[in-house]
Amino acid sequence: MKTLKPYLIAAAASAAAVISAPHAGACSRVFYQGTDSLFVIGRSLDWKTPIPTNVYIYPRGMKKVSSDQANHISWTSKYGAVYAVSYDGGITEGMNEKGLVINGLFCKGTIYNDDNAAKKPQMSLSVFVAWMLDQCATTDEVVKLLDNTSFAIQGATFDGGTVSALHWGVTDKTGKSVIFEFDHGKINIYDMGDYRAMTNDPNWPQMTAIINYWEKIGGKNMLPGTVSSPDRCVRANYFAHHVKTVDDPDLAVSICRSILVNSCVPYTYEIEGQPELSSTQWRTYSVPCNLRYYFEMVTNPGYYYVDLNKVNLRKGAKVMKLDTSKTSDLVGDATHRLKPSAPFTPMY
């Protein structure tokens, strides 16, 4: 039992930290590995109040800025991409035409900036994911971009002043995945290796200690079953390693979906005395090998996808939008339901 003691201590401390979180998010991210180059990245968006989110398609060749402040970063998009845009003002996640997937999840312990933040170029969270997806084709390129660029985070509140404390999961077409987290201006980047899930708190080194503890117990006869962040991460990681490996992308999405649902907070679920508890509002599934991006509103009877292979991503093409509030009847390929749109207005 001595070999388990460090893991038990880490698990207990981390669980206590999550339970005490004043605004506990409950997002989950699952990485399903099929045969050869088939991967599916599923994620849930959980929050205590509604977060209306629409699907946007942006073409290549668009000039963008990281902030409305004088000191900002400018870039021109090399790749077209699909974005999930919350409040029509900020990008939560997305996938570009090279199969690079980036998802932002709540992480209470995040502290973005250091004392020199005011002197650095400003990076709004509303366009942070686009900055990476627009310029990078691989996970390694994202890491290089983060390592070589100095910036401070701007626009880190939403929903009436709630702190938008996030960490990010990155996966490319080869399956290479990292998680990166901010700590007082420093960006800590972790290779996910063979871990196949991430949730919220605690930070990634502590979370891996909890996963490792449960791997020693084994999951065949017992898994943690609460909606806490560590429990959800352990369940998702276990099942992602123990489902069948398939070569059919449609079946792979179904398998990933079943793992993710098992690790979500049921819609309208509440715990007395914890009004901040978040239940799942929507889920997405990104498939880099065929560039399909699935969207699932939990109150809809089905789920649907847009296919980047069928969209005009050339420079000068129109921005396209799918209004998810008008999609309750959609199942399957919804690419034809995309409509020309003005670009969203970032909430700097």
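Note that this is a predicted model, so its numbers are computed, not measured.
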Would you say the side-chain atoms of [X] pair up with the backbone N or O of [Y], donor to acceptor, closer than 3.5 Å?
| X | Y | answer |
| --- | --- | --- |
| Asn113 | Ile153 | yes |
| His241 | Asp194 | yes |
| Arg235 | Pro224 | yes |
| Asp172 | Thr139 | yes |
| Ser177 | Gly175 | yes |
| Ser126 | Gly90 | no |
| Asn200 | Leu105 | no |
| Arg60 | Lys315 | no |
| Thr280 | Ser44 | no |

Aromatic contact, [X] with [Y] (centres under 6.0 Å):
| X | Y | value |
| --- | --- | --- |
| Phe182 | Tyr112 | yes |
| Tyr238 | Trp214 | no |
| Trp168 | Phe128 | yes |
| Phe39 | Phe31 | yes |

- Message: Using the rule given for ring-ring contact (aromatic ring centres under 6.0 Å, His included), can you reason through Tyr195 versus Trp204, listing the C-alpha separation, both sets of side-chain angles and the distance that settles it, and then say yes or no?
- Response: CA-CA 11 Å; Tyr195 295 106; Trp204 187 242; 5.6 Å; yes
- Message: According to side-chain contact (heavy atoms from CB on, under 4.5 Å), who are the partners of Phe239, at least two apart in sequence or on a separate chain?
- Response: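 For Phe239, the residues satisfying side-chain contact (heavy atoms from CB on, under 4.5 Å) (neighbours in sequence not counted) are Leu223, Ile259, Asn262.
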- Message: Please enumerate all residues that pass side-chain contact (heavy atoms from CB on, under 4.5 Å) together with Ser279, with sequence neighbours excluded.
- Response: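 Ser279: side-chain contact (heavy atoms from CB on, under 4.5 Å) contacts with Val265, Tyr267.
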So, [X] and [Y], do they make that salt bridge, N to O below 4.0 Å?
| X | Y | answer |
| --- | --- | --- |
| Lys321 | Asp88 | yes |
| Arg283 | Asp46 | no |
| Asp333 | Lys310 | yes |
| Asp134 | Lys78 | no |

- Message: Let's go through Gln135 and Ser77 carefully: what are the C-alpha distance in whole Å and the side-chain angles of both, what is the deciding distance for side chain to side chain donor-acceptor pair (under 3.5 Å) to 0.1 Å, and is it a yes or a no?
- Response: CA-CA 6 Å; Gln135 302 180 90; Ser77 58; over 6 Å; no
- Task: Hydrophobic side-chain clustering at under 4.5 Å (ILVMFWY, transitive links): who's grouped with Tyr79? Put none if nobody.
- Result: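 Reading the cluster by chain and number, Tyr79 sits alone, since nothing else belongs.
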- Item | Worked verdict on Thr53 versus Trp282 for side chain to side chain donor-acceptor pair (under 3.5 Å) | CA-CA 9 Å; Thr53 303; Trp282 51 259; 3.0 Å; yes
- Item | Evaluation steps, side chain to side chain donor-acceptor pair (under 3.5 Å), between Gln122 and Asp68 | CA-CA 8 Å; Gln122 299 298 297; Asp68 58 353; over 6 Å; no
Verify the cluster assignment for [X] and [Y]: are they in a single hydrophobic cluster under the rule of side-chain heavy atoms below 4.5 Å apart?
| X | Y | value |
| --- | --- | --- |
| Tyr285 | Leu251 | yes |
| Val178 | Ile187 | yes |
| Val261 | Phe295 | no |
| Ile51 | Leu322 | yes |

- Message: With side chain to side chain donor-acceptor pair (under 3.5 Å) as the test, pick out the partner of Gln154 among Ser67, Ser66, Ser124.
- Response: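 Of the listed residues Ser67, Ser66, Ser124, the side chain to side chain donor-acceptor pair (under 3.5 Å) partner of Gln154 is Ser67.
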- Query: Is there a side-chain contact between Leu338 and Val311, using heavy atoms and a 4.5 Å cut-off?
  - Reply: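 Yes - at least one pair of side-chain heavy atoms lies under 4.5 Å apart.
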- Kindly indicate, with the supporting measurements, whether the criterion side chain to side chain contact (heavy atoms under 4.5 Å, CB included) is fulfilled by Thr199 and Cys27. CA-CA 6 Å; Thr199 50; Cys27 305; over 6 Å; no
- Test side chain to side chain donor-acceptor pair (under 3.5 Å) applied to Asp114 - qualifying residues, sequence neighbours left out: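 Per chain and number, Asp114 pairs via side chain to side chain donor-acceptor pair (under 3.5 Å) with Lys120.
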Side chains of residues 341-348: which donor-acceptor partners sit under 3.5 Å, not counting sequence neighbours?
none

- Item | Partner of Tyr83 under ring pair (Phe, Tyr, Trp, His ring centres under 6.0 Å), chosen from Tyr58, Trp131, Tyr56 |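 That would be Tyr58; it is the only one of Tyr58, Trp131, Tyr56 passing the ring pair (Phe, Tyr, Trp, His ring centres under 6.0 Å) with Tyr83.
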- Determine the minimum heavy-atom distance between Ala240 and Arg196, stating which atoms define it.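 Result for this residue pair: O-NH1, 3.2 Å.
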- Message: Other residues, nucleotides and ligands only: do more than 12 of their heavy atoms fall within 6.0 Å of CD on Glu270?
- Response: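 Atom CD in Glu270 is not crowded, with 12 or fewer foreign heavy atoms closer than 6.0 Å.
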- Message: side chain to side chain donor-acceptor pair (under 3.5 Å), that's the test. Do Thr327 and Tyr304 meet it? Break it down for me.
- Response: CA-CA 9 Å; Thr327 59; Tyr304 49 87; 2.9 Å; yes
Residues 143-151 side chain polar contacts: donor-acceptor under 3.5 Å, at least two apart:
residue : atom : partner : partner atom : Å
Asn148  : ND2  : Lys144  : O            : 3.3
Thr149  : OG1  : Leu145  : O            : 2.7

